[in-house]
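The chain is numbered in sequence order, starting from 1. Side chains are part of it too, since the values below use all heavy atoms of this structure and drop only hydrogens, waters and symmetry mates.
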Amino acid sequence: MEKISPITEIKGIGPKTEEIFQKIGVYTVGDILLRFPRTYMQYPPMIVPEDLNEDTFVDGKIYGICLRITKSPFTKNTRSHKTITTLTLSGIEMVWFSAPYVKNDLRAGKVMVFYGKLYKKQNHLHMDQPKYFDPEDYANLVDVYLPIYSLTKGLSNETISKAVKQLLNEENLFQDYLPNDIRKAQHLCEYNYAIKQIHFPDSMDSLIDARRRLVFDEFFLFIMAMRYQNKLREKEKSDFCFKDFSFVEGLIKKLPFELTEGQMKSLMEIKSDLEGSYKMQRLLQGDVGSGKTIIAFLFMAWASHLGYQSAIMAPTEVLASQHYETFQNYCKEFGLNCPVVLLTGQMKAKEKRESYRIIEENPSAIIVGTHALIQEKVVYQNLALVITDEQHRFGVKQRETFSNKGSAPHILVMSATPIPRTLGIILYGDMDISVIDHVPSKRLPIKNCVVGTKFRPKAYEWIKNEVKAGHQAYIICPLVEESENSEGENVKDYTKTVSEYLGSDIKVGTLHGKMKGAEKVAIMESFLKNEIQVLVSTTVVEVGVNVPNATVMMIENADKFGLAQLHQLRGRVGRGDAQSYCIFINTSTTKTAKKRLEILNQSNDGFYIASCDLKLRGPGDFFGIRQSGDLAFTLADIYQDASELQAASDAVDSLLESDPDLMNIEHKALKYEMETSIAKQIERMNL
């Protein structure tokens with residue numbers, strides 16, 4: 001079997017399962033091995049009932065409890081002819097649904113370990129659908145790291161695990177393309193070993209080694225592709241003549257607010273690029289709420305004034321729609337007679353055709369959209385300025401594809417990810433960098449608090465009072481629905497809980513990534529119109545949505561998120577004139593979690609938070625929810641893995657200095673892998 005072999009060559013995968021795998025981009029043997037676990041599960045140490053007391057018991061936590069069975073389970077049939085089996089031992093009530101076989105397995109006199117989430121119900125402890133094990137078998141599981149994969153409907157974790165195990169028994173499927181001198185210099189493990197250990201690690205040390213190798217590879221290939229392409233690409237001349245900046249100065253005077261010093265500095269840097277002889281390649285970096293969108297509009301309006309088209313690509317339908325409405329309102333306020341057109345994938349065919357027509361017939365249109373802007377059907381006229389919003393959601397090749405839609409248009413990339421400047425220079429080596437380092441002065445600083453789970457009732461009351469005052473609130477949960485393999489609050493159950501607490505007068509909405517695009521847009525539009533007062537959501541709201549009326553952000557299981565992501569989420573409030581608040585619910589008892597969250601409690605500065613995160617997060621931090629997907633890396637995290645990023649950058653520079661065109665025989669495999677990596681990235685981004 002080879003890595004390019006179809007997955008149907010794996011025992012147990014037939015045509016139906018193959019179709020399901022293809023939905024998640026898995027077509028070959030190599031694809032499935034490169035679909036790494038999203039986290040790992042370890043069975044908790046075995047305990048006895050005496051170990052549970054008021055100080056140690058955590059409601060909803062997963063336990064493995066060793067119990068002697070003193071009586072047979074009781075089974076009854078419901079009216080719908082389903083069975084319910086119950087067994088109460090040492091004050092712990094256990095319930096199984098539609099599992100009549102349990103009665104035969106659990107006979108009096110046996111000693112078993114019962115595994116599951118333990119809840120307090122009235123005066124007793126309760127466990128639903130617990131798994132049960134022989135104590136010796138359970139003891140063997142405690143030290144094992146079990147991979148947990150991202151799934152889709154019809155695909156189980158067991159199916160992926162079995163397939164991967166079968167493949168790992170094969171001889172080495174991958175050629176180690178990394179030059180030996182680099183591998184030795186960086187003390188990196190062999191590639192096939194890394195693949196095996198990332199799926200089924202023998203120990204935490206081997207997992208750390210495997211992850212470090214694969215993270216290095218991701219950074220190395222990314223930077224290599226970027227630098228290699230830059231060497232092939234000469235600095236392009238610009239065919240566009242940007243002049244009469246007094247038009248933009250006139251718009252600035254009409255603004256109902258003053259631009260900050262950072263905004264003005266960035267504005268002049270971009271102006272200088274546009275007025276120059278060469279195509280602009282610039283990153284505009286600014287913290288959440290720093291005012292990047294108005295900068296984008298001013299330059300798009302300037303392009304329109306000069307008879308040029310401009311386009312801004314947002315990562316979500318919701319954000320694109322919001323930009324569209326914002327730009328339309330600006331045009332009305334400024335008295336500008338230029339068409340603003342929206343194009344997204346969720347639009348109806350008739351609406352898309354109309355947008356295509358407007359774009360083709362109006363050489364001065366301001367165009368707003370999502371990935372639909374880079375589809376072949378779009379025909380641009382005089383596209384002079386291309387802006388991508390939230391760069392970390394797009395691949396480098398995707399950005400290039402967008403720019404190729406016009407005749408070498410100027411490129412402006414906007415990002416709210418607070419990347420320290422040294423990392424920015426590595427990641428965006430082909431771009432100049434502008435930074436907006438202050439938020440508008442009229443905005444009040446967000447008031448933060450880090451609290452435990454006992455504070456929830458007070459937090460609900462706070463939200464209720466803010467809603468009564470006419471405001472709105474977000475509540476963020478790490479999970480969509482209850483999961484056996486992950487601990488944390490989930491959106492579906494939480495929505496019911498908070499709805500019951502807040503009462504029927506307050507409308508509570510639900511938003512998560514598994515919903516269809518049109519459904520997500522409808523929910524966010526209802527929230528924008530205050531038809532929904534409290535939005536219970538996963539992290540899908542972190543990208544740029546502007547709801548000035550929202551004044552409370554409550555984040556459940558805050559200890560499970562990266563600091564940069566928490567800061568992004570917090571940035572959804574504090575966007576209006578009213579005082580805003582962020583409540584971080586800490587469910588961890590560790591000192592590290594408390595220390596990390598205290599940084600957010602003390603500061604609203606994203607750049608300061610990012611630098612602290614670099615110091616606190618180590619390469620062994622595998623568990624919980626990682627930072628949001630910067631630059632579409634699979635494993636690598638630019639904060640957590642900053643040292644590997646620097647090492648990869650240095651290795652690339654050294655290699656290209658000695659062999660600029662990668663002509664040495666030992667570099668042929670690397671060149672092929674780099675080109676394949678670029679193709680994979682394009683595929684991941686649905687181009």
Could you tell me whether the side chain of L319 reaches within less than 4.5 Å of the side chain of D389, counting heavy atoms only? yes
Validate the cation-pi geometry between K377 and Y356: distance from NZ or CZ to the six-membered ring centre under 6.0 Å, angle to the ring axis within 45°. no
Verify the ring-centre separation between F240 and Y308: is it less than 6.0 angstrom? yes
Looking only at non-hydrogen atoms, find the nearest pair between L655 and F220 and report the distance. CD2-CZ, 3.9 Å
Interatomic distance, E360 atom CD to S355 atom OG [nearest 0.5 angstrom]: 12.5 Å
Can you list the steps and then say if T538 with I476 is a side chain to side chain contact (heavy atoms under 4.5 Å, CB included)? CA-CA 5 Å; T538 55; I476 305 299; 5.9 Å; no
Could you check if a side-chain atom of R282 sits within less than 4.5 angstrom of a side-chain atom of S434, using non-hydrogen atoms only? yes
Is there a donor-acceptor contact under 3.5 Å from the side chain of S526 to the main chain of A522? yes
So, does S580 use its side chain to make a donor-acceptor pair with the main chain of G574 at under 3.5 Å? yes
Shortest non-hydrogen contact from L528 to N546? CD2-O, 3.3 Å
Can you check whether K352 reaches T344 side chain to side chain, under 4.5 Å on heavy atoms? no
Using modelled atom types and a 3.5 Å cut-off, is there a donor and acceptor pairing between side-chain atoms of W302 and backbone atoms of K243? yes
Considering all heavy atoms of both residues, which atom of I436 and which atom of S266 are nearest to each other, and what is their separation? CG1-OG, 3.5 Å
Report the distance from atom SG of C331 to atom CG of N337, rounding to the nearest 0.5 Å. 9.0 Å
Classify the angle between the aromatic ring planes of H410 and F242 as parallel (below 30°), tilted (30 to 60°) or perpendicular (above 60°). perpendicular
Stepwise, does the side chain to side chain contact (heavy atoms under 4.5 Å, CB included) test hold for V552 with V573? CA-CA 6 Å; V552 180; V573 297; 5.8 Å; no
What's the shortest heavy-atom distance between H471 and T551, and which atoms? CB-OG1, 3.3 Å
Between N329 and E325, does a side-chain hydrogen bond (donor to acceptor under 3.5 Å, both in side chains) hold up when you go through it step by step? CA-CA 6 Å; N329 291 335; E325 291 178 13; 6.0 Å; no
Distance, nearest 0.5 Å, that separates CG of N549 from CG of D577: 11.0 Å
Given 3.5 Å as the limit, does a donor-acceptor pair link the side chain of R35 with the main chain of D31, or not? no
Test item: T326 side-chain N/O and Q322 main-chain N/O as donor-acceptor pair under 3.5 Å: yes
Tell me, do I270 and L412 make a side-chain contact under 4.5 Å, heavy atoms counted? yes
E218 side chain to T634 backbone, donor-acceptor under 3.5 Å: yes
Please name the pair of heavy atoms, one in P409 and one in L383, separated by the smallest distance, quoted to 0.1 Å. CB-O, 3.3 Å
With distance as the sole test, does D273 use its side chain to make a donor-acceptor pair with the main-chain N or O of M280 at under 3.5 Å? no
Answer yes or no: is there a side-chain heavy-atom contact under 4.5 Å between I312 and M414? yes
Please find the pair of heavy atoms, one from A320 and one from V368, that lie closest to each other, and give the distance. O-CG1, 3.3 Å
Could you check whether any side-chain N or O of Q472 sits under 3.5 Å from a backbone N or O of I532, counting only pairs where one atom can act as donor and the other as acceptor? yes
Using the ring of each side chain (for Trp, its six-membered ring), is F334 parallel, tilted or perpendicular to Y330, with breaks at 30° and 60°? parallel
Heavy-atom side-chain proximity of V341 to I366 below 4.5 angstrom: no
Atom pair SG (C241) and CG (L274), whose distance is rounded to the nearest 0.5 Å: 11.0 Å
N/O donor-acceptor pair under 3.5 Å between Q346 side chain and E317 backbone: no
Step-by-step salt bridge (charged side-chain N to carboxylate O under 4.0 Å, His left out) determination, E275 to K271: CA-CA 6 Å; E275 290 177 339; K271 166 188 175 289; 2.9 Å; yes
Should M224 and L656 count as side-chain neighbours, where that means a heavy-atom distance under 4.5 Å? yes
Run the numbers on S321 and L342 for side chain to side chain contact (heavy atoms under 4.5 Å, CB included), then give the verdict. CA-CA 7 Å; S321 298; L342 177 68; 4.2 Å; yes
Any sub-3.5 Å donor-acceptor pair from K279's side-chain atoms to K237's backbone N or O? no
Between CZ of F299 and OG of S304, what distance do you get to the nearest 0.5 Å? 15.0 Å
Given R357 and E354, is the salt bridge (charged side-chain N to carboxylate O under 4.0 Å, His left out) satisfied, shown in steps? CA-CA 5 Å; R357 184 191 66 77; E354 178 61 13; 2.6 Å; yes
Taking only Lys NZ, Arg NE, NH1 and NH2, and the carboxylate oxygens of Asp or Glu, determine whether E261 and K265 approach each other closer than 4.0 Å. no
Indicate whether any N or O donor in one side chain lies under 3.5 Å from an N or O acceptor in the other, for N382 and Q309. no
With heavy-atom distances below 4.5 Å as the criterion, would you say the side chains of I252 and L259 are in contact? yes
Should R575 and V547 be marked as a side chain to side chain contact (heavy atoms under 4.5 Å, CB included) after you check the CA-CA gap, both sets of side-chain angles, and the distance that decides it? CA-CA 7 Å; R575 305 179 78 85; V547 185; over 6 Å; no
Got a sec: does the CD1 of I4 have more than 12 other heavy atoms crowding it under 6.0 Å? no
With rounding to the nearest 0.5 angstrom, report the CG to CD distance, L267 to Q263. 8.5 Å
